[in-house]
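Structure, as structure tokens:
Each chain gets a letter, A, B and so on, in the order the sequences are listed, and its residues count up from 1. Remember, it's a predicted structure, so these values are computed and weren't measured experimentally.
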Amino acid sequence: MSKTMSKTARKDYVLFDMDTKAFVYGYQTNAIQRMLDFDYICNRPEPSISAIINPNRAGIHKVFWGKKEIILPMYKTISMAAKAYPEADVMVNFASHRSAFETTMEALEVKSIRIVAVIAEGVPERQSRIMSATAKKMGKIVLGPATVGGMTAGAFRIGNTAGTIENIIASKLYRPGSVGFVSKSGGMLNEAFNIISRNSDGIFEGVAIGGDRYPGSTMLDHILRYEANPAIKMIACLGELGGEDEYRIIRALLEKKVTKPLVAWVTGTCSPVLPASVQFGHAGAKADTEKETAQAKNDAFREAGAFVPTSFDGYGDTVRQVYEMLVSKGSIVPFEEPDVPKIPADFSKALASGDIRKPTTFICTISDDSGDEVLYAGKRLSSVLEEKMGIGGVIGLLWFKKHLPGYAAQFIELVLQIVADHGPAVSAAHNSIVASCAGKDLISSLCSGLLTIGPRFGGAIDDAAREFKRAKETDMTPEQFVNDMKKRGVNIPGIGHKIKSTKNPDKRVQLLIAYARANFPRTDLLNYALQVEELTTAKKGNLILNVDGCIGILFIDLMSSCGAFSKEEINEVVKLGYLNGLFALGRSIGLIGHILDQKRLGSRLYRHPTDDIAYMMPSAEDIECKR
Amino acid sequence: MAQRGIREYDAKRLLARILPEYLNEFSYKGEVALVGPETDLEVLASTHPWLKTARLVVKPDQLFGKRGKHGLVLLDADWDRTKKYLKENMGAEVAVGSITGKLSHFLIEPFIPHDEEFYVAISTDRDGDNIFFSMQGGVYVEENWDKVVRIHVNVLDGIDNLDIKSELPESLKDKRIAIERFIRALWRFYAETGFAYLEINPFTFRNGSIVPLDMVAKLDDAEEYWQRKRWAGLAFPEPFGRSLSKEELFIKELDSKTGASLKLTILNPMGRVWTMVAGGGASVIYADTICDLGFAKEMANYGEYSGDPNTEETYYYTMTILDLMTRHKDSRGKVLLIGGAIANFTDVAKTFKGVVTALEEYQQRLQEAGVRIYVRRGGPNYEQGLKLMRNLGKKLGVPIEVYGPDTHMTRIVPLALEGAQL
């Protein structure tokens with residue numbers, strides 16, 4: 001690590017060192033983590049990012065520092081971040097091509113920011129030239145646009161430069177080597193790091209200036225810095241056809257402004273055999289004159305004394321040749337490799353690659369949203385709709401995990417319609433209305449109503465199903481059943497109504513029975529229940545089979561006769577209380593209606609009239625403690 | 001994103017519409033009409049009534065110069081003569097320099113008799129813009145290049161404080177001020193309308209007002225977002241001699257809809273060497289290597305995909321190439337190079353998934369065409385991506401050789417072309 005400069009002595013030729021602090025403009029969580037992972041394996045004492053600038057949100061962002069989680073502050077503006085962290089002199093600018101210019105210009109105006117790396121592609125040439133000229137005037141540096149950036153080995157990386165941590169380790173970028181590299185192409189940067197690390201002691205610093213015609217800094221700017229930096233012993237560059245940038249380097253070679261060995265190659269030698277109109281991948285890669293062709297530039301490099309291979313294939317060999325020459329001259333002394341701290345694998349990545357496994361906390365057997373379409377009990381939502389399965393069919397899938405026959409699904413819908421509402425006076429509706437009038441929101445008011453559903457209100461469906469089923473299965477006669485319940489002092493669930501009677505029958509019960517008789521294969525339990533009703537109504541006219549009882553009993557008949565349920569499954573349905581769910585679901589429709597109705601009416605707070613309350617206080621004696 | 005030529009027709013309309021914002025006295029009306037292969041001339045004449053009354057100039061408008069020298073300019077003609085000329089020349093094949101192409105678009109404008117021809121051009125360099133002016137315009141400007149005045153406008157300082165007048169020849173006399181004002185306005189127009197190159201050669205004076213006779217212009221297409229109002233209705237035609245094939249158009253359209261980059265140029269549909277290379281920098285190096293090894297004539301395409309394209313995009317891109325390369329049979333077989341450098345952030349496994357799907361679909365056609373496939377790539381999730389390819393090779397029945405970052409980037413090129421050993 002001794003080759004990187006410390007904070008107090010940062011020279012002009014140093015882009016980044018181990019103490020460099022940066023802002024990241026744009027909420028690029030992957031790039032931010034990659035920068036911190038790099039810092040960590042370089043054994044940096046502190047993370048290189050001071051703060052994130054996110055125009056949409058201020059606050060904090062959680063990241064890993066090795067195994068530990070730490071917090072990075074996030075600011076909405078560059079000036080606020082710069083005020084809080086004056087030691088940060090780099091801004092990695094991930095702003096889109098639409099806002100790259102204004103954000104970069106704003107950063108250049110901040111005194112403490114010295115370097116701005118512009119990642120965006122498609123920045124107009126005029127904007128690039130203004131950024132570049134402004135930086136130059138202020139003695140600052142703009143890298144890019146249209147680049148992944150650059151890095152100083154063992155010190156600092158810009159965003160995604162050098163790719164994955166595995167690649168950084170493979171190319172030994174966690175510690176400085178002796179080679180300064182510069183290219184136009186960001187995509188070739190990693191490849192060059194790979195080639196150079198295989199053929200020398202590795203990279204000291206590598207920069208991609210960007211493939212546009214007018215990048216913020218030129219290859220020569222960086223080569224002159226490498227020339228000035230005593231830690232860099234040799235320079236490598238990768239140019240491209242088009243533009244005059246390479247000739248600036250060649251002039252510097254000829255004028256002896258660059259004296260360190262320079263390995264150079266200019267790509268695009270194929271262009272003479274291609275139609276003139278082909279635009280290569282980079283906007284700047286087009287030779288407008290003979291001088292701008294790759295051949296002319298490679299020849300000029302060779303003549304100026306650079307080390308130029310015969311093709312890109314030989315680039316690594318040429319690097320090796322120059323490196324070995326420097327070692328034999330003693331200008332480069334091979335050093336011992338440092339240990340590399342390990343970065344724990346990201347959980348999601350390790351899981352995806354099958355390296356780790358983890359027990360799950362939940363199991364879900366009714367629906368699956370992990371694919372491209374949600375599944376209900378394994379059935380695609382689109383086929384649920386195509387087959388017109390309806391609400392009844394969906395309840396069949398999600399509650400019972402069965403594709404119910406049509407008449408069964410329709411029965412469920414019939415039940416839901418029948419129980420949907422029963423006027424404002426019943427417990428649930430009343431509670432919902434009172435809550436709504438108290439100004440509570442829809443969901444709170446709905447819950448207030450639903451909470452009344454239980455053994456006395458609406459909750460008798462399951463109980464009725466259970467008791468009648470038990471009686472019939474134990475071969476009790478209706479008489480025995482009635483007597484048994486009487487002996488136990490329990491009202492028969494599903495029997496009896498407050499106002500309905502034999503003379504004033506419940507229309508809803510009649511509808512349900514008619515549907516069942518017309519559609520169900522068998523209605524054994526209903527027949528049994530009607531015999532029970534005969535006995536109870538003989539005692540008192542209002543001891544009729546009520547709607548809860550009827551639903552519960554018919555559901556048992558439905559399940560027993562439709563062929564989709566085993567005996568055990570039917571027992572489970574009764575035991576787990578599925579059937580009260582039908583009442584809660586159906587009645588929610590009415591409750592929501594009542595709540596909305598009150599809201600529409602603008603009802604005021606409900607207060608029960610005092611004349612409707614019998615106030616009966618205990619006497620003073622009653623509350624006296626007797627002992 | 002790059003500098004792209006526009007038609008003289010669009011350049012003149014932009015000038016007529018926008019320059020008056022910078023120069024009150026500019027009275028050029030932009031009377032221009034564009035004739036394409038589908039244009040109904042009678043409809044055109046009814047929307048441009050001057051066509052039937054004025055004397056006319058007709059010239060091809062397809063981004064190539066020296067039209068006069070090639071005898072392609074019709075001067076001082078009436079409407080009937082114009083129609084006859086168009087009928088004779090529409091679709092005609094002509095050679096311009098080394099490029100042969102079909103004439104498909106013509107510009108018609110009123111014929112302006114003149115004696116004076118001035119030259120003005122603006123180009124960009126790193127530090128600013130260069131304005132070139134000459135009194136010897138027209139076809140003589142090149143042989144009189146020493147008489148061309150060059151004025152450099154710094155990109156930060158602009159033109160306001162530059163002394164233009166004293167740079168201009170005194171022999172312009174009374175026209176000196178008019179030309180100075182014109183040049184100042186033209187530069188502002190250039191800088192604020194997204195131009196990368198602009199040449200008016202020649203322009204002349206008519207009744208004391210400046211009239212452009214010939215124009216060449218390039219725009220920086222990265223300015224589209226800022227210039228959408230000024231550029232409304234403007235087209236970027238393909239260079240002369242290049243008409244896009246159906247497949248190239250398809251990829252171009254795909255490219256325009258995504259943040260990633262997808263490029264395809266077909267060089268020789270009968271070629272035996274096809275490439276599918278990730279990255280603008282790497283793709284050039286692969287093409288270089290193919291040419292170095294003497295296979296330039298066999299190189300079927302140039303292209304690249306980059307910027308983390310999604311699985312669907314790489315699927316369509318691969319499918320397009322596979323379809324093209326398996327159309328023509330060649331007894332010597334064909335090679336497909338799926339190459340690339342070590343990616344910074346492009347997910348190799350994800351992009352290869354789309355490639356694999358397309359290869360599976362073309363299994364039979366690949367076998368019939370005797371295709372051998374060579375893969376080299378590195379970057380995020382490359383192990384998984386390369387494994388996908390290796391597994392595919394086993395079941396596809398098409399030879400696939402797969403290499404990672406340990407192998408030099410372009411090593412697969414000689415392996416594929418010469419059967420060299422590692």
Here the pair of heavy atoms bringing P124(A) nearest to E223(B) is CB-CG, 3.7 Å

Side chain / backbone / both / neither for I195(A) at chain B, heavy atoms under 4.5 Å: side chain

What part of F345(B) gets within 4.5 angstrom of chain A, counting heavy atoms only: side chain, backbone, both, or neither? both

Need one label for A191(B): side chain, backbone, both or neither, based on atoms under 4.5 Å from any heavy atom in chain A. both

State plainly whether the residues R129(A) and D125(B) are in salt-bridge range, i.e. N to O under 4.0 Å. no

Between R126(B) and D245(A), is the closest basic N to carboxylate O distance under 4.0 Å? no

Bottom line for N167(A): the part with an atom under 4.5 Å from chain B's heavy atoms is side chain

Given that the side chain runs from C-beta out, which part of S132(A) has a heavy atom under 4.5 Å from chain B: side chain, backbone, both or neither? side chain

Are any of the side-chain nitrogens in D157(B) or K137(A) under 4.0 Å away from the carboxylate oxygens of its partner? no

Cut-off 4.5 Å, heavy atoms of chain A, and the answer for N268(B) is neither

Going by atom types alone, do T267(A) and D288(B) pair a side-chain donor with an acceptor below 3.5 Å? no

So, taking the atom named OG1 in T269(A) and the one named CG in D292(B), what distance separates them when rounded to the nearest 0.5 Å? 4.5 Å

All heavy atoms of A341(B) vs all of M188(A), minimum pair found to be CB-SD, 3.9 Å

Is there a donor-acceptor contact under 3.5 Å from the side chain of N194(A) to the main chain of P405(B)? yes

Atom CG of L293(B) and atom CG of D313(A): how far apart are they, to the nearest 0.5 Å? 7.5 Å

Option in T124(B), N154(B), V413(B) with maximal non-hydrogen atom pairs under 4.5 Å from chain A: T124(B)

On a heavy-atom basis, which atom in W187(B) and which in R126(A) lie closest, and how many Å separate them? CZ2-NH1, 4.0 Å

G122(A) versus A222(B), closest heavy-atom pair with distance: O-CB, 3.4 Å

Looking only at atom types and distance, does a side-chain atom of N344(B) sit under 3.5 Å from a main-chain N or O of G186(A), one as donor and one as acceptor? yes

So H408(B) and F312(A), would you call those rings parallel, tilted or perpendicular, with 30° and 60° as cut-offs? tilted

Smallest separation among heavy atoms of T164(A) and G379(B), with atom names: CG2-C, 4.5 Å

Portion of A343(B) that has a non-hydrogen atom of chain A nearer than 4.5 angstrom: backbone

Counting only heavy atoms from other residues, nucleotides and ligands, does the tally under 6.0 Å from CD of E383(B) exceed 12? yes

With respect to chain A, which residue among G194(B), S306(B), G128(B), A196(B) yields the maximal number of heavy-atom pairs within a distance under 4.5 Å? G128(B)

K136(A), R198(A), E244(A): which one forms the most heavy-atom pairs within less than 4.5 Å of chain B? R198(A)

If you tally heavy-atom pairs under 4.5 Å between each of G303(B), G307(B), G340(B), P380(B) and chain A, the highest tally belongs to P380(B)

Find the distance between CZ (F295(B)) and SG (C270(A)) and round it off to the nearest 0.5 Å. 15.5 Å

